[in-house]
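It should be emphasised that the depicted structure is a prediction, and the values quoted were computed from it without experimental measurement.
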Amino acid sequence: MQVMDAVDGPAPQDVHYSETDDYAGARIQDRVVFFAKDFELTDQQATIAFTGEANQTYKILVTDLEDGYWTAVKQGETATAKYQAVQEGNSIYFEGTPGTYTLQKADASPLPLAGEVPSEPAGRKIRVRIDAQGLDLDVPPVLNNNVVMVPMKNVYEAMGMTVSWNAATQTATATKGTSTVQFTAGSNIAKVNGANKTMDAPATGLDNQMLIPHTFIPQSGLRFAVAWDAVDQVVGITWTGPSAKLQFQEQALAPVNPIPIADLKEIKYKSFRATQSAQNVWKMFDDIPSDPSRWSGDKAAHVIFDFGSAIQLERLDATVFNWGQTRSNKLMISVSQDGDAWTNVYGGVTAPSGDGHTDTFNFPSVSARYVRVAVFGSPDATVNPDFVSFSELKFFVEK
């Protein structure tokens, strides 16, 4: 469902998987596709299910159906039309909201044949990315005189702030620690920590529908840059990193009796921030331990992983790419509950190893929402000594 350049292409969009006894499926944005689990054509009845935004309509493709007529009925509803699956393709295409659907052969049904699902407009949708990660938006961005009006709530929450709405004053306020950014519907004046800032266009819409000009984002005091790609129709927001360069601190791993890997499960981050090569972070999680599929950073470069809520981190595995050398790498791993105050749980130099070696770090059930992985070069390398490169990274919690 996704095709991209493995080296320089954008990060893949979030995939939401679903499964029933009959079908396995995946949802990307507003598209859902299902395939029969036994690789055989379904001849009478089957069940599919998927999750998503409750009131959003999705376009659903179901494959591996015997040719003929079918109904697709959501649980609690009744059939109003039937769909035709022809031998070429053996699939039906329809629209629906999230839930569980029963597919039923309906060759003899008098129901009318469903109309075609309308195609997307020829124009491309404007997208918003933060550190190469696509955002799910409550309201679509709008282009106005080369200024893109973007959803304020979605953007500021993705930048790590908490957003609230005051209906009486028609103001939206984003807060994090001592930082506050406030917008008023219909006004081109925003307040950053109480100081007035003029925007290129007034804020429009109310509550989670509020739109603000993308050009204002760098003025928010959060160390984010922004760029508008008119060709690809993408607003790119990039974290510029901390105000001071990260300093290495030596820290031995705490003594621990490692939990057997059979009792652990891998956990995926919700989002991340990277000081370098944000577009390559996802490549550390694609299970492809190779040269093109990796992330690299020079001294003090780091990635901050946000798990959305506190986890109990038990283990981190880092598979290195060492440019064909046997070399050690200088790393620092830190944890935080708020993304501001950090505790180092490891700072040291790994044992010399070659490409594809996995360094394992076991922790005594460290509680953290954020995990920062920082690199500081290699003390014994002859090629690219300032850089450390990971082809794979895995976080584990107890089952």
Short side-chain to backbone donor-acceptor contact, [X] and [Y], under 3.5 Å:
| X | Y | answer |
| --- | --- | --- |
| Q104 | T71 | no |
| K74 | G99 | no |
| S293 | K283 | yes |
| K191 | T173 | no |
| K37 | T20 | yes |
| T238 | A225 | no |
| Q337 | S367 | yes |
| S18 | A49 | yes |
| H214 | V148 | yes |
| D107 | Y69 | yes |

Using a 4.5 Å cut-off on heavy atoms from C-beta on, say whether the side chain of [Y] contacts that of [X].
| X | Y | result |
| --- | --- | --- |
| V235 | P141 | no |
| S179 | N193 | yes |
| R223 | S243 | yes |
| M161 | S220 | no |
| W165 | Q170 | yes |
| T102 | Q45 | yes |
| F224 | V155 | no |
| S309 | R369 | no |

Salt-bridge contact D306-K270 (side-chain N to carboxylate O under 4.0 Å): no
Should the pair D287-K394 be classified as a salt bridge under the 4.0 Å nitrogen-to-oxygen rule? yes
Output the distance between atom [atom1] ([X]) and atom [atom2] ([Y]), rounded to the nearest 0.5 Å.
| X | Y | atom1 | atom2 | answer |
| --- | --- | --- | --- | --- |
| Y58 | R31 | OH | CZ | 12.0 Å |
| D22 | I48 | CG | CD1 | 10.0 Å |
| E392 | I288 | CD | CD1 | 7.5 Å |
| D317 | D359 | CG | CG | 9.0 Å |
| L313 | F363 | CG | CZ | 5.5 Å |
| S187 | Q182 | OG | CD | 10.0 Å |

Before giving the answer on side-chain contact (heavy atoms from CB on, under 4.5 Å), spell out for V303 and F390 the whole-Å C-alpha distance, their side-chain angles and the decisive distance to 0.1 Å. CA-CA 12 Å; V303 184; F390 296 125; over 6 Å; no
Say whether [X] and [Y] are linked into one hydrophobic cluster, either directly or through other cluster members, by side-chain heavy-atom distances under 4.5 angstrom.
| X | Y | result |
| --- | --- | --- |
| V147 | I217 | no |
| V181 | M199 | yes |
| I261 | I259 | yes |
| L246 | V281 | no |
| L137 | I126 | yes |

Within a radius of less than 6.0 Å around [atom1] of [X], do more than 12 heavy atoms belonging to other residues, nucleotides or ligands occur?
| X | atom1 | answer |
| --- | --- | --- |
| E53 | CD | no |
| Q56 | CD | yes |
| N145 | CG | no |
| D21 | CG | no |
| Q312 | CD | yes |
| K245 | NZ | no |

[X] versus [Y], closest heavy-atom pair with distance:
| X | Y | value |
| --- | --- | --- |
| A26 | V15 | CB-CG1, 3.8 Å |
| M149 | L211 | CE-O, 3.6 Å |
| G241 | T275 | CA-CG2, 4.2 Å |
| W342 | S336 | CE3-CB, 3.4 Å |
| K82 | L111 | CE-O, 3.0 Å |
| L393 | E266 | O-OE2, 4.4 Å |

How far apart are the C-alpha atoms of V62 and Y83, what are their side-chain angles, what is the distance that settles it, and do they pass the side-chain contact (heavy atoms from CB on, under 4.5 Å) test? CA-CA 11 Å; V62 183; Y83 304 86; over 6 Å; no
Would you say [Y] and [X] are linked by a side-chain donor-acceptor pair, where the criterion is simply a distance under 3.5 Å?
| X | Y | value |
| --- | --- | --- |
| Q276 | D298 | yes |
| T358 | T319 | yes |
| N322 | N329 | yes |
| E157 | T162 | no |
| N166 | S164 | no |

Do the rings of [X] and [Y] sit parallel, tilted or perpendicular, given the 30° and 60° boundaries?
| X | Y | answer |
| --- | --- | --- |
| Y269 | F272 | perpendicular |
| Y101 | F50 | parallel |
| W323 | F387 | perpendicular |

Please find out if less than 6.0 Å separates the ring center of F305 from that of F285. yes
Which of T42, T47, D64 passes side chain to side chain donor-acceptor pair (under 3.5 Å) with Y23? It is T42
Pair K153-M210, side-chain contact (heavy atoms from CB on, under 4.5 Å): steps then yes or no: CA-CA 7 Å; K153 186 174 189 294; M210 176 175 278; over 6 Å; no
Between I333 and V371, is a side-chain contact (heavy atoms from CB on, under 4.5 Å) present by the stated rule, with each step listed? CA-CA 7 Å; I333 303 169; V371 178; 4.2 Å; yes
